[in-house]
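Just below is one structure, and these are the notes that go with it.
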Amino acid sequence: MTSINIGALIEKARLAAGLSQRALADATGISQPTLSRIISGDRVAKLPEIVAISWATGYTVAQLSGVSTVADRVQCAARATNGAGMEDMREALLHFLELDDYLDEQAIPATI
């Protein structure tokens, strides 16, 4: 995804949160001119900046960076035996991957 698209996603999040550019800049510690350049696509957002914007707007990092769902990102490779269907195995795996992704987004550590 290009920085222009990420800038548009950040602008959408800013507007949805009801924040001015100045208020978002103050909430994130990013200067307003830098924030403006990120939104316009003149500057690529760094990951710490995206995380700060995420916290300030309530959007997830995935939403701000344009990353799709886990189901869209995951590729499965397996060999089905005993008549097990690949689609059933994929769905079972995705259930756990979605849960893991949610826990990561919520900063909940994995424990065994």
Side-chain angles (χ1 to χ4, degrees):
M1 174 161 283
T2 65
S3 59
I4 294 172
N5 290 338
I6 291 174
L9 294 171
I10 291 171
E11 179 68 358
K12 177 183 172 185
R14 180 188 70 77
L15 293 171
L19 298 170
S20 66
Q21 276 193 13
R22 169 60 58 202
L24 182 56
D26 290 343
T28 60
I30 301 168
S31 73
Q32 191 278 324
T34 298
L35 182 61
S36 178
R37 290 188 358 249
I38 290 170
I39 290 171
S40 69
D42 292 336
R43 182 183 176 283
V44 175
K46 298 174 184 168
L47 186 57
E49 294 166 335
I50 294 172
V51 170
I53 293 167
S54 170
W55 278 97
T57 61
Y59 275 55
T60 65
V61 171
Q63 289 171 314
L64 292 177
S65 61
V67 176
S68 57
T69 66
V70 170
D72 293 335
R73 295 188 318 251
V74 72
Q75 293 182 2
C76 300
R79 182 175 13 174
T81 59
N82 300 330
M86 285 300 297
E87 190 56 35
D88 291 338
M89 291 188 330
R90 183 178 189 278
E91 289 302 315
L93 176 61
L94 284 176
H95 170 77
F96 291 104
L97 291 174
E98 290 284 352
L99 176 59
D100 183 60
D101 189 55
Y102 172 78
L103 293 174
D104 282 345
E105 284 183 3
Q106 301 302 315
I108 299 170
T111 58
I112 296 178

Separation between OG of S20 and CG of D26, rounded to the nearest 0.5 Å: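 The OG atom of S20 sits 7.5 Å away from the CG atom of D26.
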From Q21 atom CD to Q32 atom CD, the distance as rounded to the nearest 0.5 Å: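 With rounding to 0.5 Å, CD (Q21) is 5.0 Å from CD (Q32).
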With sequence neighbours excluded, residues passing side chain to side chain contact (heavy atoms under 4.5 Å, CB included) with A16: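 For A16, the residues satisfying side chain to side chain contact (heavy atoms under 4.5 Å, CB included) (neighbours in sequence not counted) are Y59.
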Test side chain to side chain contact (heavy atoms under 4.5 Å, CB included) applied to T28 - qualifying residues, sequence neighbours left out: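 With neighbours one apart ignored, the set is L24, I30, A52, I53, A56.
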Results of salt bridge (charged side-chain N to carboxylate O under 4.0 Å, His left out) for R37 - residues two or more places apart only: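 Not a single residue meets the salt bridge (charged side-chain N to carboxylate O under 4.0 Å, His left out) criterion with R37.
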Charged N-O contact under 4.0 Å between R14 and E11: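 Salt bridge: yes.
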Residue pair I10, T57: steps toward the side chain to side chain contact (heavy atoms under 4.5 Å, CB included) verdict: CA-CA 9 Å; I10 291 171; T57 61; over 6 Å; no
Any residue meeting side chain to side chain donor-acceptor pair (under 3.5 Å) with T60, in chain and number order, not counting sequence neighbours: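 Scan of T60 (side chain to side chain donor-acceptor pair (under 3.5 Å), adjacent residues dropped) gives Q63.
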Set of side chain to side chain donor-acceptor pair (under 3.5 Å) partners for S36, sequence neighbours left out: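 Residues passing side chain to side chain donor-acceptor pair (under 3.5 Å) with S36: none at all.
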Pairs touching residues 53-62 that satisfy salt bridge (Lys or Arg N to Asp or Glu O under 4.0 Å), sequence neighbours left out: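 Checked against salt bridge (Lys or Arg N to Asp or Glu O under 4.0 Å) - neighbours excluded - no pair reaches residues 53-62.
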Transitive ILVMFWY side-chain link L15 to I50, under 4.5 Å: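 L15 and I50: separate clusters.
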Residue pair T34, E49: steps toward the side chain to side chain contact (heavy atoms under 4.5 Å, CB included) verdict: CA-CA 10 Å; T34 298; E49 294 166 335; 4.3 Å; yes
Minimum heavy-atom distance V61-S54, with the two atoms named: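 The pair with the smallest heavy-atom distance is N-OG, 3.6 Å.
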Minimum-distance pair of heavy atoms, taken over all atoms of S65 and I6: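 Result for this residue pair: O-CG1, 4.0 Å.
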